[in-house]
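Working notes, structure below.
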Amino acid sequence: MNLAKAYEPNQYEPNIYALWEQSGAFRPSGKGEPFSVVMPPPNANGNLHIGHALDMNLKDITVRYKRMNGFDTVFIPGADHAGFETWVVYEKELNKKGQSRFDFSREQLYSQVWDFVEKARGNMELQLRALGTSASWEDLVFTLDEKVITTVYGTFKKLWDDGLIYRGERIVNYSTKYQTSYSDIEVDHKLEKGTLWHIAYPLIDKIGEIVIATTRPETLFGDVAVAVHPEDERYKDFIGSHVVLPISGREIPVIADEYVDRDFGTGAVKITPAHDPNDFEVGKRHNLDRLQVIDFDGTMINTPDQFIGLDVAEARKKVLASLKAEEYLRKEEDYEHTVGYDYKSGLPIQPLIKEQWFLKIEPLAKRALKAINNGELSFYPPSKQHVLRQYLENVHDWNLSRQIPWGIPIPAFQNEADPDDWIFDERVDEKTLKIDGKTYHREEDTFDTWFSSGQWPFIVTDYLDGGELARFYPTSLMETGTDLVDRWIARMIMLGLYATDKVPFKDVYLHGMVLDENSQKMSKSKGNVINPMDSVAEYGSDALRLGLIASRSPGQHQAFSTDRIIAGRNFCNKLWNIARFAEHKLGDNYQPKTPQPQSLADHWIIGELDNAKQAIDRAIDKYRFAEAGDSMYHAIWDGVADWYIEAAKDQDNLDLLAWVLNTSLKLAHPFAPFVTETIWQTLPWNDGLLINESWPEVINYDEIAAGEFGRVQQLVAEARFVAISLPGNEKYSLLYQQDSLIEDNKDLIQRLAKLKSIEAVDQARGLRLAVSGREAWLDVSADTLDEHKTNLEQRLVETHADIKALEGRLSNENYVAKAPEKLVNESREQLKEKQALVERLEQELAVL
RNA sequence: GGGCGCUUAGCUCAGCUGGCUAGAGCAUCUCGUUUACACCGAGAGGGUCGGGGGUUCGAAUCCCUCAGCGCCCACCA
């Protein structure tokens, strides 16, 4: 088999993936301890972004590693209908055609969006394949699959029966653009410079006026009271009297409520229950009307004629103009405050009153907190546990309803004759139900996507039904972005515990965001988005994987680095060329036998690979992907390529060479699956697939022999260093006296140190390689020798300094007494070595 | 208003529960066309680990403090 000179990923990757997939390698083996990872379902109609690539890579490394380690492994893929996200995209399409959602029935819209998503869905799955994701495709779950809906309804019913579901008029975060409510976490709060307007409300039954302060003058038409603090001396006498609303002329009472902060603004506040959450609460306490003056489409209603139909911003301008004209405006001051924005459209969120379905979250949150406090989950990084705990301690009831047709319908029906009579019923395809002579109308709202996503781990494993994958629940690892701690992780824990009595996963790994090369957040509007598929096309899937995980720690945002991707590509090429060398050396007819170490290099490389394996094991165990990758990278590049391949050129231990190659491929496989499998497939002596191989077993080796090879390396390094620091580019001969290490490794040393020759001599001459500790000399002329003198002197000075430091440490009684014995002994050893070195250097200098 | 994180070589970042001359990739400089690889090899330079204080035999690592940067959460008009 002849391999091309350089690895061309695109020639092999698709075929290799198909080979894996067709072989059934991604399916759980049914043998061994279960290990499961659930894919955070990517948006079915979208493209993967670079964050997905990182996400999938980290999971896939773990999954491949566990698979090779004999676990019964499953990586369950998903696709998300992404209710709101998809809806936004789809509605844009509708708008392009001059249509709107209101032109269609729910059923029509739903089926249209379904088709829309169906078309786009394959794309996302192809991209996941290009990333090398070893997911069990047969087990893929779409978030609108029957089993998802069944489970979600089951959970909703249970919550309903437990009295945790209620319907209520609340102030909700309303997107007037998309005409749906949001949950709290879908609202972006931005601090901005605004104005606090002081407006006079004249008293009716007394002389004078009360000046209120507001940031939203346009809502004054919805005012139903002015509130002051009950103990505020300035206003005490006015409580119970009335003021007249400017412009509208309506009369409203002055009330007292502790909620008012006497020190803020004027100490008097207008109460608008329909458009402010605090006012809503005040209104409830004082039994006030709720007067809606902003409609769900964001325009003014129930105002004097000249304002009706204006949008909020225009209305504000006109109201202020009127107030000014009629001399009600007392003061304008700059004021910095937070304003809620629609995270999708960037438009302000309107707090509006709407009937919604709510979930009483407290009991669920308490249970989740208990599980966290009991240490039932481990977090990577641990600090995120604190973030989650804080969220759970302050969480508000969850608004489950969304006013978008694309989603899981809320299975509830309302009695026509009694609006407060709601029943649970799963027949959501019926518009009306007749039960016991009563007529019920279907709820038109759908569930918040996160309500179903929050149940993902036990849905996809069919845990409640005891399905085939039920043994994989609770899942082993939940790996996702730090931005999803609240909206997803928290909810999975709460709903998982509620529905299954178990935490849904044991380990939570959170990765940070992948920023652009300038450490800026990637966004479409900035135009700095990096498409992972472009990277795959240019550098290969493995290169992207290696580059993405390199030097990346959990929970930490980090810039994307093309340099690292290139380094990854180069590594793949390095592996490729190691294989080329091995195949050339072994030939097509090589038949493997049990590998036995013979040379020093053989022993040494076994030890190196063993160390690397252990380092990878330790790192993966703690999800330190970057460290694991680094250990693998250096063992193969520095150990195998730079030293062992060189040594192998002078020897013919073919069985061990084949073993080194196979072991390298295994160790690298989780980090670079495509290239390793590609190579594996070209090796005539290997059967089957690398993906199914077990994690390498290291063979026995002699540590002393391995250490001897270390000395050869030291000698080579010394000879290289000395030779390069000498004037000219001459090649020198190495002379030595009775040194079997040199004698036995002559060829290797000569080639690696670029020596003219190596000769045994009786009488030494030339430049002694003092540092290496061997009786060896470079055969240089007297002139050259002289040039080298300062170099030696410099070393002597440095070595003396080292000795001084070591002596200082060892003469410290506390150090000797308190530091671990091993450490103290090491220091003593070092001191001896350094002292010996000084002797050699001095001898050498004396000769010069 | 709370909380979290960051500040280590020119750049981007590792450095776990404190312990050898603080590492990597890229960049820079020198040398090298050795029959696996120039997507290469051999070497070199480069860091008072943000400032200050403390604990300790020993701190980049733990504690306090100051400074700068970033993020998340939060219904004060």
Side-chain angles (χ1 to χ4, degrees), chain A residues 3 5-7 171 173 184-185 189 196 212-216 227 259-261 264-266 268-272 276-281 335 337-338 340 351 381 383-384 386-387 390-391 394 396 482-483 485-486 512-513 517 519 521 539 543 547 550-553 555-564 566-585 618-619 622 624 626-627 630 633-634 641-642 645-646 649 716-717 720-721 723-725 729 751-754 798 801-802 805-806 809 812-820 822-823 826-827 829-830:
Chain A
L3 296 180
K5 203 166 178 185
Y7 173 57
I171 293 270
N173 308 303
D184 290 345
I185 48 188
H189 293 276
L196 192 62
I212 58 90
T214 182
T215 54
R216 304 199 56 194
Y259 147 73
V260 180
D261 177 353
F264 186 87
T266 61
V269 56
K270 66 198 265 309
I271 300 298
T272 323
D276 182 279
N278 289 308
D279 294 5
F280 181 83
E281 294 301 320
Y335 177 59
H337 63 134
T338 53
S383 61
K384 293 298 168 195
H386 193 255
V387 175
Q390 201 187 319
Y391 172 76
N394 300 304
H396 295 110
T482 49
D483 50 327
V485 170
D486 303 345
M513 225 183 289
E517 299 227 41
S519 294
K521 202 168 165 173
Y539 303 107
S551 274
R552 194 177 288 275
S553 46
Q556 215 57 48
H557 298 173
Q558 201 195 313
F560 178 86
S561 161
T562 304
D563 281 347
R564 289 192 194 279
I566 290 173
R569 178 202 59 182
N570 294 352
F571 177 78
C572 293
N573 192 241
K574 188 51 108 169
L575 262 179
W576 185 255
N577 277 290
I578 290 171
R580 285 182 69 215
F581 171 81
E583 294 189 45
H584 170 76
K585 182 105 181 163
R618 280 193 303 271
K622 291 179 182 162
R624 295 166 177 272
E627 265 179 58
D630 200 53
Y633 177 99
H634 287 288
D642 288 350
I645 294 292
E646 292 306 323
K649 287 175 181 172
V716 168
R720 279 169 173 171
F721 176 80
I724 213 166
S725 62
N729 295 323
R751 190 157 42 75
L752 293 186
K754 289 174 197 153
E798 283 166 12
D802 291 343
L806 284 166
R809 192 184 300 167
N812 181 338
E813 283 175 29
N814 279 321
Y815 173 72
V816 179
K818 292 184 187 173
K822 193 181 152 209
L823 218 60
E826 267 175 36
S827 299
E829 279 304 308
Q830 280 170 11

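Quick caveat: nothing in here was measured; it's all calculated off a predicted structure. Below, chain A is the first sequence line, B the second, and so on; all start at residue 1.
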Rounded distance (Å) that lies between atom [atom2] of [N] and atom [atom1] of [X]:
X        : N      : atom1 : atom2 : result
A:Asp261 : B:rC75 : CG    : C1'   : 14 Å
A:Tyr259 : B:rC75 : OH    : C1'   : 8 Å
A:Arg216 : B:rC75 : CZ    : P     : 16 Å
A:Asn814 : B:rU56 : CG    : P     : 10 Å
A:Asn394 : B:rG3  : CG    : P     : 12 Å

Look at the side chain of [X] and decide which nucleotide, out of [options], has an atom nearest to it.
X        : options                : answer
A:Lys754 : B:rG41, B:rC4, B:rC73  : B:rG41
A:Ile578 : B:rA36, B:rG19, B:rC75 : B:rA36
A:Ala6   : B:rG19, B:rC39, B:rU34 : B:rC39
A:Lys574 : B:rA36, B:rC72, B:rG19 : B:rA36
A:Arg564 : B:rC4, B:rU12, B:rA77  : B:rU12
A:Arg624 : B:rG25, B:rG15, B:rA14 : B:rG15
A:Ser519 : B:rU12, B:rA77, B:rC37 : B:rU12
A:Ser383 : B:rC76, B:rA74, B:rC4  : B:rC4
A:Ala559 : B:rG43, B:rU21, B:rU12 : B:rU12
A:Lys622 : B:rC16, B:rA77, B:rG19 : B:rC16

Worksheet item: Just checking, is any N or O donor in the side chain of A:Asn577 or A:Arg580 under 3.5 Å from an acceptor N or O on the other one?
Response: yes
Item to complete: Indicate yes or no for a side-chain donor-acceptor contact from A:Arg720 to the backbone of A:Leu752 under 3.5 Å, with no hydrogens or angles considered.
Response: yes
Practice prompt. State whether the side chain of A:Ser561 and the backbone N or O of A:Arg564 hold a donor-acceptor pair below 3.5 Å, judged by distance alone.
Written response: yes
Worksheet item: Reckon A:Glu813 touches a base, only the sugar-phosphate, or nothing at all at heavy-atom distances under 4.0 Å?
Response: nothing
Quick check: any donor-acceptor pair below 3.5 Å linking the side-chain of [X] to the base of [N]?
X        : N      : value
A:Gln830 : B:rC20 : yes
A:Gln558 : B:rA14 : no
A:Asp563 : B:rC26 : no

Check the phosphate of [N] against [X], side-chain N and O only, distance under 4.0 Å to OP1 or OP2. Yes or no?
X        : N      : result
A:Tyr335 : B:rA77 : yes
A:Arg580 : B:rC39 : no
A:Ser553 : B:rA14 : yes
A:Arg569 : B:rC39 : no
A:Lys649 : B:rU35 : no

Response to the item:
Smallest heavy-atom separation, A:Met513 atom then A:His557 atom, equals N-CD2, 3.0 Å
Fill in: Closest non-hydrogen atom pair, A:Cys572 against A:Ala543
SG-N, 4.3 Å
Discussion item. Apply side chain to side chain contact (heavy atoms under 4.5 Å, CB included) to residues A:Lys384 and A:Thr482 and explain how you reach the verdict.
Written reply: CA-CA 8 Å; A:Lys384 293 298 168 195; A:Thr482 49; 3.6 Å; yes
Discussion item. Reading 5' to 3' and counting Watson-Crick or G-U wobble pairs with both distances under 3.5 Å, write the dot-bracket notation for RNA chain B, | for bases paired outside the strand.
Written reply: (((((((..((((.....[...)))).(((((.......))))).....(((((..]....))))))))))))....
Item to complete: Report the distance from atom CD of A:Gln390 to atom CG of A:Asp486, rounding to the nearest 0.5 Å.
Response: 9.5 Å
Discussion item. Distance check, P atoms only: B:rA38 and B:rC26, in whole angstrom units.
Written reply: 16 Å
